[in-house]
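Structure, as structure tokens:
Every chain is numbered from 1 and lettered A, B, ... according to where its sequence line falls, protein lines coming before strand lines.
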There are 2 protein chains.
Amino acid sequence: MATIYQVSELAGVSLATVSRVINNTVPVREATRIKVEAAMKELGYRPNSVAQSLASNRSNSIGIVVSELGGPFYGELLSRIENEFRAAGKHVIIAAGHSNADLERDSIEFLRGRNCDALILHVEAVDDKYLTELAATGLPFVLINRMVETIEDRCITLDNDRGGYLATEYMLKLGHRDIAYISGPLWKHDAQERYNGHQSALTKFGLSENKALFYEGDFQETGGVNGFNHLRDHGYSFTALVCANDEMASGAITAAHEAGLRIPEEIAVIGFDNINFSHYTYPKLTTIDYPVAEIGQMAARWVLKRVYQRPIDDLKAVFMPKLIVRDST
Amino acid sequence: MATIYQVSELAGVSLATVSRVINNTVPVREATRIKVEAAMKELGYRPNSVAQSLASNRSNSIGIVVSELGGPFYGELLSRIENEFRAAGKHVIIAAGHSNADLERDSIEFLRGRNCDALILHVEAVDDKYLTELAATGLPFVLINRMVETIEDRCITLDNDRGGYLATEYMLKLGHRDIAYISGPLWKHDAQERYNGHQSALTKFGLSENKALFYEGDFQETGGVNGFNHLRDHGYSFTALVCANDEMASGAITAAHEAGLRIPEEIAVIGFDNINFSHYTYPKLTTIDYPVAEIGQMAARWVLKRVYQRPIDDLKAVFMPKLIVRDST
DNA sequence: GCTATAAATGAAAGCGCTTTCATAATAGGC
DNA sequence: GCCTATTATGAAAGCGCTTTCATTTATAGC
């Protein structure tokens with residue numbers, strides 16, 4: 001690869017001048033600019049962004065940490081973030097945290113070491129203290145789907161509590177009274193909040209929770225299958241099932257089919273997230289919409305505004321979930 | 001962030017020595033190593049990988065270009081590749097090419113500029129010539145799901161032709177004779193190959209293709225819906241439908257449901273890829289398995305072997321698709 | 001104890017770029 | 001046409017690290 005030095009030689013100017021035309025920071029005489037551009041073209045020159053990054057302490061790249069690379073949820077999130085930054089001429093570097101504190105820290109450190117200008121984090125395992133300290137280092141970052149009081153201005157969240165409430169409230173309004181709940185792992189903030197919402201709805205309707213109708217799943221499809229079977233075996237009957245995400249709802253539906261139950265006639269099922277396959281299920285899944293794309297976009301804009309001083313004004317921190325009624329209830 | 005210089009000062013040794021203990025390239029006396037490690041720990045030192053990369057011309061990171069970040073297919077691919085490299089202490093930098101030649105080139109150049117040690121490419125739009133030239137620059141890269149003769153040793157592919165054949169052959173064996181086909185965009189290599197396979201199967205059974213039963217879709221769910229409706233409207237009836245991927249098959253199934261047709265009794269449907277949601281459909285989708293995870297793993301291993309000299313011997317270049325029979329046929 | 005050899009360490013250049021500061025070129029004012 | 005105010009350009013330091021080469025220190029052999 002050609003270097004800036006070769007370009008400067010060919011164009012008969014100094015390195016500094018070439019650098020100026022690349023970044024157009026300082027005006028350069030038209031004639032000079034043309035010479036330089038010609039030289040760059042002739043050599044097929046492309047700036048080495050590693051060197052740029054080292055010299056300028058700016059990398060034009062944004063680090064992203066998500067739990068998993070796969071899956072409909074993260075896929076959509078990443079996709080949207082990437083689009084937003086691409087349009088702004090920035091690039092993303094993605095790392096997976098696998099919901100594990102060490103790996104999350106690792107990924108964050110890796111991205112810091114790569115000189116990312118900012119980070120977008122969807123981390124679940126590291127504690128609030130770590131994040132607070134990280135903020136204190138001066139590294140700009142946004143936190144998605146998690147509220148940490150000490151760095152509240154960096155958090156972009158969904159009102160999960162409200163979402164959990166909506167799901168159960170809807171079942172209650174439909175007349176169901178025996179409502180089972182399959183939760184996500186309760187150490188995860190969002191799982192806990194959704195579950196709280198579920199409980200609030202029950203309370204609001206003057207019902208008390210029946211612990212026998214609760215199951216703590218893993219946010220995966222198998223969790224839904226296991227949860228459903230566990231709840232059925234347990235003896236208490238229920239006419240409605242609220243799942244803390246769509247994957248588990250899908251698993252539960254499969255298990256229900258296998259048990260020969262009709263949905264929604266015998267059991268109504270609702271999910272959470274509204275991920276893109278939720279209408280592939282049969283019957284199509286009623287769910288709570290998680291506006292992933294919007295949240296991804298907002299996170300990107302936060303960075304564009306705070307770090308790159310782009311004029312953006314409608315930053316929004318808390319998103320509201322919406323009920324999406326389809327055929328499973 | 002602390003620099004290597006501060007570490008060397010605190011430990012009372014030279015930069016060079018610190019560098020040696022970091023990389024343990026050259027033996028360092030035990031006592032010295034301990035001093036240095038203590039200093040690193042005290043300062044919370046982490047090497048700046050940008051500087052490392054510039055100085056060593058090695059970045060320990062691998063660039064990946066895929067068409068999209070979202071979607072079950074790429075999600076699984078990325079996920080697997082990332083896992084493989086993480087285990088080897090390498091990191092990945094991901095960019096999206098969006099099936100567009102300019103963006104693909106852009107992404108590749110970006111990754112080159114970031115000093116990636118190697119690239120894994122799933123690109124569809126750039127031409128063979130570009131890739132051949134790219135190989136000539138000495139940049140190590142593997143090509144996934146595409147065969148370019150001039151750089152055959154860098155290609156890891158699925159025998160799409162065979163897959164297309166298997167799908168249609170299976171329908172023929174079931175006794176179907178009026179078989180519709182919804183293809184992917186034919187400018188894409190894999191779509192073309194799958195279609196070729198379909199034709200071969202027909203020929204093998206002594207049938208000639210009925211052009212009225214062909215529709216060129218977009219590999220998306222809507223393509224399946226539109227394709228199905230188009231084929232139905234067209235007047236020719238068919239008892240089996242072969243789709244060039246699962247998304248379109250899923251769309252077609254939805255459209256068939258809406259048209260009040262029973263699957264598989266009235267129309268048998270088969271997909272291609274065996275992506276993870278293919279068993280969420282109703283009825284569960286019969287499909288051709290695309291071993292994405294294995295292919296991702298193989299690509300990663302190719303890099304580990306060729307670029308990082310890891311001892312790996314079972315590199316495999318062509319994968320075979322398999323028929324997965326479920327309930328839609 | 002003294003030299004010959006091997007092992008550990010340090011000094012310094014350099015990776016490709018940005019950026020400050022100084023200098024050279026140009027324009028403007030009279 | 002000369003002096004000053006601008007503007008464009010160049011020289012050189014430095015970003016944080018690796019790596020070569022030279023030097024120092026330890027080890028062995030006699």
Angle separating the five-pair end axes of the helix from dG1(C)-dC30(D) to dC30(C)-dG1(D), nearest 10°, is 30°
Give a yes or no on whether a salt bridge exists between [X] and [Y], defined as a side-chain N under 4.0 angstrom from a carboxylate O.
X	Y	value
Glu133(B)	Lys129(B)	yes
Arg146(B)	Glu124(B)	no
Glu37(A)	Arg33(A)	yes

Does [X] have a side-chain nitrogen or oxygen under 4.0 Å from the phosphate oxygens OP1 or OP2 of [N]?
X	N	value
Thr17(A)	dG10(D)	yes
Ser19(B)	dT18(D)	yes
Thr3(A)	dG16(C)	no

If we only count heavy atoms from C-beta on, is the Leu78(B) to Ile64(B) side-chain gap below 4.5 Å?
yes
Margin query: With heavy-atom distances below 4.5 Å as the criterion, would you say the side chains of Ile108(B) and Phe141(B) are in contact?
Written below: no
With sequence neighbours left out, the residues meeting ring-ring contact (aromatic ring centres under 6.0 Å, His included) with Tyr74(B) are His122(B)
Q: Could you check Thr150(A) against Thr132(A) for side-chain hydrogen bond (donor to acceptor under 3.5 Å, both in side chains), going step by step and ending with a plain yes or no?
A: CA-CA 7 Å; Thr150(A) 48; Thr132(A) 308; 2.8 Å; yes
(request) Without swapping roles, check the side chain of Glu104(A) against the backbone of Val126(A) for a donor-acceptor pair under 3.5 Å. (result) yes
* Ser61(B) side chain to Cys116(B) main-chain N or O, any donor-acceptor pair under 3.5 Å? -> no
(Q) Please determine whether ring pair (Phe, Tyr, Trp, His ring centres under 6.0 Å) holds for the pair Tyr290(B) and Phe319(B), giving the CA-CA distance in whole Å, both sets of side-chain angles, and the decisive distance to 0.1 Å. (A) CA-CA 9 Å; Tyr290(B) 188 126; Phe319(B) 283 76; 8.7 Å; no
Ordered by number, residues from residues 20-27 of chain B within less than 4.0 Å of DNA chain C (heavy atoms) are Arg20(B), Val26(B), Pro27(B)
To the nearest angstrom, how far is [X] atom [atom1] from [N] atom [atom2]?
X	N	atom1	atom2	result
Asn115(A)	dG16(C)	CG	C1'	14 Å
Ile4(A)	dC17(C)	CD1	P	5 Å
Leu15(A)	dA12(D)	CG	P	11 Å
Glu30(B)	dA26(D)	CD	P	16 Å

Quick test: give all pairs of protein nitrogen or oxygen and nucleotides 22-25 of chain C nitrogen or oxygen below 3.5 Å, distance rounded to 0.1 Å.
none

Is a side-chain donor-acceptor pair under 3.5 Å present for Asp190(B) with Asn145(B)?
-> yes
Per the under-4.0 Å heavy-atom filter, residues of residues 32-64 of chain A near DNA chain D come out as Thr32(A), Leu54(A), Ala55(A)
Categorize Val18(B) for me: base, sugar-phosphate, or nothing, with a 4.0 angstrom heavy-atom threshold over every strand shown.
nothing
Which side-chain N or O atoms in residues 50-58 of chain B pair as donor and acceptor under 3.5 Å with protein atoms at least two apart or in another chain?
residue: Ser53(B); atom: OG; partner: Asn115(B); partner atom: ND2; Å: 3.0
residue: Ser56(B); atom: OG; partner: Gln52(B); partner atom: O; Å: 2.7
residue: Ser56(B); atom: OG; partner: Arg58(B); partner atom: N; Å: 3.2
residue: Ser56(B); atom: OG; partner: Arg58(B); partner atom: O; Å: 3.2
residue: Arg58(B); atom: NH2; partner: Val307(B); partner atom: O; Å: 3.3

*Go through the steps for Arg112(A) and Ser49(B) under the test side-chain hydrogen bond (donor to acceptor under 3.5 Å, both in side chains), then give the verdict.*
CA-CA 9 Å; Arg112(A) 285 227 283 169; Ser49(B) 56; over 6 Å; no
